[in-house]
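Just below is one structure, and these are the notes that go with it.
Throughout, a chain's letter reflects where its sequence line sits, starting with A, and its residues are numbered from 1.
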Amino acid sequence: MIKHLQELLEKAVSDLQRKKIFPKEIKPQINFERTRSKEHGDFSTNLALTLAKPLSKPPREIAQQLIDVIIESSHVEKVEIAGPGFLNFFLTQNCRRQVIKQVLKQGSSFGDNNFGNNKKITVEFVSANPTGPLHVGHGRGAAYGASLANVLAKCGYQVQKEYYVNDNGRQMDILAVSVWLRYIELCGVPVVFPDNGYQGGYIVDIARIVRKKYGDKFLYKSQDIYEGVPVDEKDGGDKEAHIDGLIVNAKNLLDKKGYDKIFQIALKNILSGIKTDLEGFNVEYESWFSEKQLHDSDTIDRALDKLKENNYLYEKEGAVWFMATHFGDDLDRVVERENGQKTYFASDIAYLMNKFERGFEGALYVFGADHHGYIARLKAAAKGMGINPDNIEIVLTQFANLVSKGKKVQMGTRSGNFISLSQLVKDVGVDAARFFYVMRSHDQHMDFDIDLAKSQTNDNPVYYIQYAHARICSIFNKLEQQAMQHNKEIGLASLHMLNTEQEQTLLRTISSYPEILTAAARTRAPHLVANYLREIAQNFHSYYNAHQVGIEDENLRNARLSLCKATRIIIANGLQLLGASAPKTMFSEDK
RNA sequence: GCGCCCGUAGCUCAACUGGAUAGAGCAUCGCCCUUCUAAGGCGAGGGUUGCAGGUUCGAGUCCUGCCGGGCGUGCCA
């Protein structure tokens, strides 16, 4: 429709140019946007305002000149000048109602578009280290990433959701040692648990599994375990040095085989827990990508070679550095440490390269706001390898403060003091949890009020939307029982009877759904869908209270049923995009 | 110190590419269930968009400075 209106105006402009009223050099960009209030019609353009300067004429005068030559269209009822010089276009009633026909015909694919041009991209999100269960802090990235991926898929992107598993490196060693020490404890030997170890109870659970499977096989004497280990922080030492010492001893005492066993049990256990938690959160990935795989294959070496070929690597103080500053980063970055180990950043570079080697044309990363420092270095790495940095996109999600009883909840993975994502889902339900996280703009700090989310009352906006959906289902049920089921033909033939204010409003909202979807994809903002759903639900509730659908008049009844059905389809679609269900009834069985 | 993000109603947040009278929910105060689910609807009050400048037909939105909050600034992951 917007395209049609643009053509109308383009013709008007060239007509005026032919008549020499407008100079022929101008080539204005014609923008249309949906109006906010219906007094302003359906679509408006600011063309006259933007032309005011180049033509040095008052905008309203230009607007009048345009109106005078705009040719008639079967879709346009009238065009008005308003405010400082907007041109407001009013569509015909018939045109406005056509959208119902479209929605009923297209069903769940209504609103699909090709904004993304079929671009093949990865959307990577969460990617939390497999060193412990996901907590509520991960929830926002999970909800946002999954919803965004869904929206992008509707808008013509070929999306692959990936979780990058950091199954390599020091944090994993710390995990393995933490498990091992808890295991030693279970064997009856007291240990002083390191300050920098993972404190959570889940570590003990894993240790129990190890013990069950291997008995006392990995048990060593306390003095061997602590042999030569620097003192811990609580004893006035350095907690990093302390745990590194423990790692060395663990690897020596257990040898590679034993150490790997503990390591693998810990990794598998935690990773499968993460998968389960995410599934319970309605988040599914197409790919779980292992960092270790990058090490085991030659990917990291090849990536570094590429940088080397391009002369962006150099050696200094025994380490290998990437010239990130050459591409706008603040500092050069180490890719290989003095001790020969590749840094985490080296894996990141390799992973990035790998994404494009696998044929993806774009890589979208969802990071927590604390990772914003990665933007510059990742883009630098891309440039260094000859990858167009415009195809690397990093979206930050701001932190969600957890609030309980009006107080901020402090959390830390290492301390084990956190509320797990699965606990949250258990308390508030997936629907509310998913919706709550994504109803706010991702670049906005937000407070996640646990008590509010837990309260299964009307405070939860998701219920409001689901209720609208359930109400529609209920109407159809009721009428079917009375043998007045929806007759689609009669309904579509009677659309002209939809004349009430509430029906007009609902129609307006329905027809803007495709634009909302595109906007959500373009600005990477799934919360637009959440806001939209609230609006359409509100429109419906309002309608529901004002007018009866199940009425005697067969024509009007079926027209209204068509409108209801279109509304229901859109609500169901939107909820699905956000990972929430669209229930047929709000009467839950367990209550 | 430097860099990134944010600041909108009492509270939590919207505002599409710079557009028209800055909108919702909660909370407060009225009203509406013999009518398809009241987890609902209708209405009222509530604002110098942190402050000060600038850009222009037009600024919550863009630019500069300040104030306040968050995060980052490792041969950590």
Side-chain angles (χ1 to χ4, degrees), chain A residues 29 31 33-37 39-40 44 46 48-50 52-53 58-60 82-86 88 129 131 166 168-172 174 240 316-321 330-331 333-339 341 343-345 347 368-376 396 398-399 401 403 406 439-441 443-449 452 456-464 466-468 470-479 481-482 484 512 515-516 518-520 522-523 525 527-528 530-531 534-535 537-538 540-551 560 564 585-587:
Chain A
Q29 176 154 17
N31 298 319
E33 64 176 21
R34 196 168 277 278
T35 55
R36 254 176 234 189
S37 105
E39 283 75 47
H40 298 146
S44 85
N46 60 357
L49 294 164
T50 57
K53 190 141 198 192
R60 287 189 69 107
F86 290 103
N88 290 337
N129 284 348
T131 53
N166 295 121
N168 200 286
R170 183 158 167 272
Q171 290 305 318
M172 291 306 294
I174 295 176
E240 306 287 348
K316 192 180 87 180
E317 294 160 9
V320 182
W321 299 70
D330 297 334
L331 296 166
R333 307 286 171 181
V334 171
V335 290
E336 189 177 323
R337 292 200 259 161
E338 201 177 354
N339 62 12
Q341 282 183 352
T343 61
Y344 190 86
F345 180 49
S347 310
D370 54 335
H371 281 62
H372 69 250
Y374 281 69
I375 299 176
L396 299 177
Q398 293 298 317
F399 281 164
N401 285 325
V403 177
M439 63 193 257
R440 307 302 187 197
S441 171
D443 58 10
Q444 187 71 238
H445 299 284
M446 69 173 264
D447 282 356
F448 194 120
D449 188 325
L452 185 69
Q456 298 219 353
T457 66
N458 48 2
D459 295 343
N460 261 316
V462 66
Y463 292 127
Y464 181 81
Q466 290 179 321
Y467 185 35
R471 269 184 156 173
I472 297 174
C473 292
S474 170
I475 293 173
F476 277 82
N477 266 337
K478 199 87 171 188
L479 290 182
Q481 282 167 21
Q482 297 168 16
M484 292 200 285
S512 68
E515 292 147 41
I516 293 292
T518 316
R522 180 168 40 86
T523 60
H527 77 280
L528 294 178
N531 290 343
R534 192 151 34 179
E535 189 187 340
Q538 184 181 44
F540 178 76
H541 285 310
S542 199
Y543 178 43
Y544 182 92
N545 273 273
H547 302 284
Q548 185 96 9
V549 175
I551 47 171
R560 287 183 170 174
C564 288
T585 169
M586 294 306 278
F587 301 128

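Residue-level contact check: A/Q548 touches the bases, meaning some heavy atom is under 4.0 Å from a base atom. Contacts of A/S37 with the nucleic acid, taken as non-hydrogen atoms under 4.0 Å apart, are absent. Within 4.0 Å of A/L528, counting heavy atoms only, lie sugar-phosphate atoms of the nucleic acid but no base atom. In this structure, A/D370 reaches the sugar-phosphate backbone alone: every heavy-atom distance under 4.0 Å involves primed, P, OP1 or OP2 atoms, never a base. Note on A/F476: nothing from the nucleic acid sits closer than 4.0 angstrom, heavy atoms only. Among the heavy atoms of the strands, none lies under 4.0 Å from A/N166. Across all strands shown, A/H541 has heavy atoms under 4.0 Å from sugar-phosphate atoms exclusively, and none from any base. Using a 4.0 Å heavy-atom criterion, one finds that A/A319 contacts the bases of the nucleic acid, with or without backbone contacts as well. Across all strands shown, A/S474 has heavy atoms under 4.0 Å from base atoms, whether or not it also approaches the sugar-phosphate. Residue contacts shown for A/M172 are absent, as no nucleic acid heavy atom lies under 4.0 Å away.
Nucleotides B/rC16 and B/rC63, compared at atom P, are 16 Å apart to the nearest Å. Going from the P atom of B/rA14 to that of B/rG50 covers 14 Å, rounded to whole Å. Across the P atoms, B/rC29 and B/rG70 are found 35 Å apart, a figure rounded to whole Å. B/rG53 sits 25 Å from B/rA15 when the C1' atoms are compared, rounded to a whole Å. Between the C1' atoms of B/rG69 and B/rU28, the separation comes to 29 Å (whole Å). The separation of B/rC2 from B/rU64, taken at their P atoms, amounts to 15 Å, rounded to a whole angstrom.
Across the interface with RNA chain B, nearest-nucleotide mapping of A/R534 and A/R36 shows A/R36 to be the residue nearer the 5′ end. Residue A/H372 is the one, among A/H372 and A/Y544, whose nearest nucleotide of RNA chain B lies closer to the 5' end (criterion: closest heavy atom).
The base of B/rA20 is paired with the side chain of A/N88 by a donor and an acceptor separated by under 3.5 Å. With hydrogens and angles left out, the side chain of A/D330 and the base of B/rG3 share no donor-acceptor pair within 3.5 Å.
An OP1 or OP2 oxygen of B/rC36 is reached within less than 4.0 angstrom by no side-chain nitrogen or oxygen of A/Q482. Within the structure, every side-chain polar atom (N or O) of A/R440 is placed at least 4.0 Å from both OP1 and OP2 of B/rU12. Contact annotation: A/Q538 does not reach the phosphate of B/rG41 (side-chain N/O to OP1 or OP2, under 4.0 Å). Between A/Q341 and B/rC75, a side-chain N or O to OP1/OP2 separation shorter than 4.0 Å is absent. For A/T343, no side-chain nitrogen or oxygen approaches OP1 or OP2 of B/rC75 to under 4.0 Å. Distances shown here put every side-chain N or O of A/S44 at or beyond 4.0 Å from the OP1 or OP2 atom of B/rA20. Under 4.0 angstrom from either OP1 or OP2 of B/rC57 there lies no side-chain N or O belonging to A/R60.
The closest side-chain heavy-atom distance from A/R534 to A/M439 is below 4.5 Å. The side-chain heavy atoms of A/L49 and A/F86, taken from C-beta on, include a pair separated by under 4.5 Å. Counting heavy atoms from C-beta on, the side chains of A/T343 and A/R333 never come closer than 4.5 Å.
Listed candidates were B/rA39, B/rU17, B/rA14. Nearest to the side chain of A/N531 is B/rA14. Here the side chain of A/R337 is nearest to one of B/rC6, B/rC76, B/rG19, namely B/rC76. With distances taken from any side-chain atom of A/I475 to the nucleotides B/rC76, B/rC13, B/rC36, the minimum falls on B/rC36. With B/rG40, B/rC16, B/rA20 as the choices, the nucleotide that has an atom nearest any side-chain atom of A/T35 turns out to be B/rA20. Minimum atom distance to the side chain of A/M586 is reached by B/rU37, of the listed B/rU37, B/rC75, B/rU17. Residue A/L331 has its side chain nearest to B/rU73 when only B/rU73, B/rC5, B/rC76 are considered.
Residue A/W321 contributes atom CH2, which lies 7 Å from atom C1' of B/rC75 at whole-angstrom precision. Atom CZ in A/F86 sits roughly 10 Å away from atom C1' in B/rC57 (whole-Å rounding). If you take CG of A/N545 and C1' of B/rG41, they are 4 Å apart, rounded to a whole angstrom. Counting to the nearest Å, the C1' atom of B/rU17 and the CG atom of A/N46 are 9 Å from each other. As rounded to whole Å, 15 Å separates atom C1' of B/rU73 from atom CZ of A/F345.
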Q: Take A/K478 and A/I475, measure what side-chain contact (heavy atoms from CB on, under 4.5 Å) needs, and give me the verdict at the end.
A: CA-CA 5 Å; A/K478 199 87 171 188; A/I475 293 173; 5.8 Å; no
Q: Determine, step by step, whether A/V549 and A/I472 satisfy the side-chain contact (heavy atoms from CB on, under 4.5 Å) criterion, reporting the C-alpha distance in whole Å, the side-chain angles of both residues, the deciding distance to 0.1 Å, and the verdict.
A: CA-CA 10 Å; A/V549 175; A/I472 297 174; over 6 Å; no
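The partner of B/rA14, taking Watson-Crick or G-U wobble pairs whose two distances both stay under 3.5 Å, does not exist in any strand shown. Look at B/rU73: its Watson-Crick or wobble partner, with both distances under 3.5 angstrom, is B/rG1. Across all strands shown, B/rU28 pairs with B/rA44; the Watson-Crick or G-U wobble distances both stay below 3.5 Å. Across all strands shown, B/rG7 forms a Watson-Crick or G-U wobble pair, both distances under 3.5 Å, with B/rC67. Pair assignment for B/rU37: none, as no Watson-Crick or G-U wobble contacts are both less than 3.5 Å. Pairing partner, B/rU49: none, since no Watson-Crick or wobble contact has both distances short of 3.5 Å.
Both thresholds, 5.5 Å between centres and 30° between ring planes, are not jointly met by A/H445 relative to the base of B/rG69, so the two rings are not stacked.
Atom CD of A/Q29 is surrounded by 12 or fewer heavy atoms from other residues, nucleotides or ligands within 6.0 Å.
Cation-pi geometry between A/R471 and A/F540 is not met at under 6.0 angstrom from the ring centre and within 45 degrees of the axis.
A/D447 places no side-chain N or O within donor-acceptor distance of the main-chain N or O of A/D449, the cut-off being under 3.5 Å.
B/rC62 has its base anti relative to the sugar, with a glycosidic angle deviating from 0 by more than 90°.
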